[in-house]
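Before any comments, here is the structure.
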Amino acid sequence: MTLLDVQDLEVTYSTHPEEDGNVHAVNGVSFSIDEGVNYGLAGESGSGKSTVAEAILGLLPDNGQVEAGEVRFKGRDLTTLSPKERRDVLWEEIAYIPQSAMDSLDPVMTTGAQIRQAIQKHRNVSKPKARDRVRELFDLVGLDPDRVDDYPHEFSGGMRQRVTIAMALALEPDLIIADEPTTGLDVIVQDKIVDTILDIQDRIDSSLLLITHEIGVIAETCDDLSILYGGKVMEQGSVDNVLINPTNPYTMGLKNSFPEIDETDDPVSIPGSPPNLDSEPSGCVFRDRCPFATEECDESHPDSVDLPNRNHRSACHHVEQAAQMRRDAADPDTWGIADDEDEDSDVGETILETHDLEKWYSQSQSLVSKFRGEDPDHVRAVDGVSLSVGRSEVLGIAGESGCGKSTLGETIALLEEPTGGEIVFDGESDDYYQDGNMKEFRRKAQIIFQDPFDSLNPRQTVRELVGEPLTIHDYRTDEREAAVLETLEKVGLTPPKKFLDQYPHELSGGQRQRVAIARALVLDPDFLICDEPASMLDVSLKVNLLNLLRGLADAEDIGIVYISHDLASLLQVSDRLAIMYLGRVVETGSVDQLADRPKHPYTKSLLSATPEKDPSVDRDRVLLDGEPPDPVNLPSGCAFAPRCPKADEKCRQAEPGLDAAAEDGHEAACYFPEGEPATAESEDSSPGAGTSADD
């Protein structure tokens, strides 16, 4: 039985009153979801995925308007409901899991009170009974029921996301709409969140509409999907049909952009930018970026046609050539992208070294403790890290959220003062730079932050943003405009003059991140620190950014530290990897060493948690027991021991150093590296063993 039926949906956004026309965000989207089915909506940013969800939920902003089409839920057209009728449907029958848990939770209300409020709004139950239900929900999503009176800021990002899931499931809805529920989360937490959603779905027998740009998450989670681009459905059908044998060039580009752990070929990025939707598309919306486009594609957007495979439709004028296009689409040359595989530069002299680097944060104390002269507790965010980076080398740093990798990057950048240890940059210690020579350091070493919208001044144009460092450092001031244009060209913002007078809010997410990179590169630095710069970007933009940074390292002789929780991407861009857990490096070595034979169980967990884009491949989810230990009160011995299936008494008593398992530059802080199990009982153990999603 059909639960949700969307037919010919069209949504526009009105622009500034002084501007003509509207933004045609959704242009004739149709799909249906049956009871008990998980459905995916995939596509790049700006493809219309979230707008479709907002139209279904009636949450379009004031300037958004459903121009045509129907959204039928259990036979009722949701677009014709009054606000009161819609409120009765939402939460009761259709629940919503938003993208940003921190933005969707009230910071001044306890998490339990927010869920209880949603329950009592729709059900006539007493406060004690509603509170009991909240405790049940906390237990259901893997949270401690005794924490229902905690506030959002007291939870980690993954825990906050589970709170929003609990709220969405409170009334056991028939349909759950999840909008990018795992974006920005590390792969371990992502696996837990997806497993939680699927497990609860199975318990309450609900359907799921999953909106994401992560092809791998859809491949492992959904039954059917639609691929959106420019507000149009480019391809739709069963996940197996669409992702194993795509027939649309856009689907092929998206799939080939998704990096995987065990792939030797580099991912292929889709060049160009999403289309301008100021008017309704006349030709194929993908034609300007499609390597297979012909004159026919300029004349009209193709109709969606049924393919011989059951439950498979595609909108392409050349669908009969799909087999040949699939072969050609795997080649970077097809997309006009140079393959630099044989042009890697040799690693040059060491540009950065750290020796037992520490960054501890003091915890607040009570007046009594201060009066007694007691030492404060510390969060050991960075706790004895030693590493090195050479010119033309990319060092990838990976780990779960909260492992200390971002603090390490900020400390290396001298945005945080080290608590202990030493940083040596370009032959000089950090003491030298902090003793009146910081301007010299700032010119040579630059940092790129995770969110360009927060790091770029919204009141400055691109010309001002990229040119400001030149003024501050009195560098190339006589050719300022030329330097700005040259740098914008280098980062792929072409033609550069087009962007000079634009403000950050007028740019796409990928363009803003490129402006942030241009701002860092305009000074011709020797060293870059990249802190999760692609975590919020969709897969194609992410590959473009990784290719850009890899090219800069090779061509400009720049040393790069690239911090990310996305191990698959790090394997594509890095020369060496360092894996962090609770402030310490637990494994380090070349990309090939860590990918082919990880020594530390935690590294194996990160590798195993990476989604698989082929829906025919079964992957056991990595469900490590518990959360990382309290960084203030770390356990004795190995900090990973409480979650490690191989740990024995030795691991709990003494902490292993990186030299505990070392060979050929491959080091791991583990007494029992892979291939050398601690006991007979643990020989068949691996992180997450016995806790697969299929159990």
Side-chain angles (χ1 to χ4, degrees), residues 156-159 185-192 354 356-361 378-387 395-409 411 421 531-532 561-567 570 574 576-589 593-595 598-610 622-647 650-662 666-674 678 685-688:
S156 67
M159 289 172 143
L185 301 179
D186 62 68
V187 288
I188 297 288
V189 174
Q190 175 176 282
D191 246 13
K192 287 184 178 180
T354 70
D356 296 321
L357 184 63
E358 295 178 347
K359 179 58 188 178
W360 295 8
Y361 295 97
H378 293 88
V379 174
R380 300 182 179 187
V382 177
D383 194 21
V385 171
S386 299
L387 51 81
L395 173 68
I397 299 178
E400 287 176 279
S401 299
C403 71
K405 54 188 187 296
S406 290
T407 302
L408 174 62
T411 306
D531 186 11
E532 304 263 20
V561 167
Y562 191 95
I563 297 166
S564 177
H565 58 247
D566 183 357
L567 204 47
L570 285 177
S574 306
R576 289 188 299 119
L577 290 175
I579 308 298
M580 286 190 70
Y581 186 76
L582 286 176
R584 296 202 166 207
V585 173
V586 297
E587 185 166 4
T588 182
Q593 287 172 329
L594 269 72
K599 291 178 176 291
H600 200 285
Y602 180 61
T603 305
K604 187 175 181 182
S605 298
L606 291 176
L607 289 165
S608 300
T610 302
V622 176
L623 307 177
L624 289 174
D625 291 334
E627 301 288 333
D630 183 350
V632 176
N633 298 305
L634 291 174
S636 59
C638 176
F640 188 60
R643 306 172 74 193
C644 181
K646 302 180 70 174
K650 181 180 180 181
C651 304
R652 297 182 179 90
Q653 291 178 351
E655 182 176 10
L658 269 174
D659 57 356
H666 185 187
E667 299 178 314
C670 183
Y671 292 123
F672 307 107
E674 291 302 309
S685 298
S686 62

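Only this structure's heavy atoms are used, side chains among them; waters, hydrogens and symmetry mates stay out.
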Applying side-chain contact (heavy atoms from CB on, under 4.5 Å), run through L567 and L577 and close with a yes or a no. CA-CA 9 Å; L567 204 47; L577 290 175; 4.1 Å; yes

Would a 4.5 Å heavy-atom cut-off, applied to side chains only, mark K604 and P598 as touching? yes

Counting C-beta onward and ignoring hydrogens, is there a side-chain heavy-atom pair between R380 and E358 closer than 4.5 Å? no

Let me confirm one number: the [atom1]-[atom2] distance from [X] to [Y], rounded to the nearest 0.5 Å.
X    : Y    : atom1 : atom2 : answer
Y671 : E655 : OH    : CD    : 8.0 Å
F640 : C670 : CZ    : SG    : 9.0 Å
L395 : S574 : CG    : OG    : 7.0 Å
D383 : T407 : CG    : OG1   : 12.0 Å
C638 : R643 : SG    : CZ    : 11.5 Å

Taking all non-hydrogen atoms of both residues into account, name the closest pair between [X] and [Y] and its distance.
X    : Y    : result
G399 : K405 : O-NZ, 2.9 Å
Y562 : L570 : CD2-CD2, 3.3 Å
A578 : V585 : CB-CG1, 4.2 Å
M580 : V385 : CE-CG2, 4.3 Å

Given the options I397, T588, L607, L594, I579 meets side-chain contact (heavy atoms from CB on, under 4.5 Å) only with L594

List the steps and the verdict of side-chain contact (heavy atoms from CB on, under 4.5 Å) for E400 and Y602. CA-CA 10 Å; E400 287 176 279; Y602 180 61; 3.0 Å; yes

Using atom types as modelled and distance alone, determine if a side-chain donor or acceptor of S636 lies under 3.5 Å from a backbone N or O of Q653. no

Please lay out, stage by stage, how L408 and V561 fare under the test side-chain contact (heavy atoms from CB on, under 4.5 Å). CA-CA 10 Å; L408 174 62; V561 167; over 6 Å; no

Tell me if the centroids of the rings in Y581 and H600 come within less than 6.0 Å of each other. no

Compute both the distance and the angle, then confirm whether K646 meets the cation-pi test with F672: under 6.0 Å from the six-membered ring centre, within 45 degrees of the axis. no

List in chain and number order the residues that pass salt bridge (Lys or Arg N to Asp or Glu O under 4.0 Å) with R576, two or more places apart in sequence or in another chain; answer none if no residue qualifies. E393

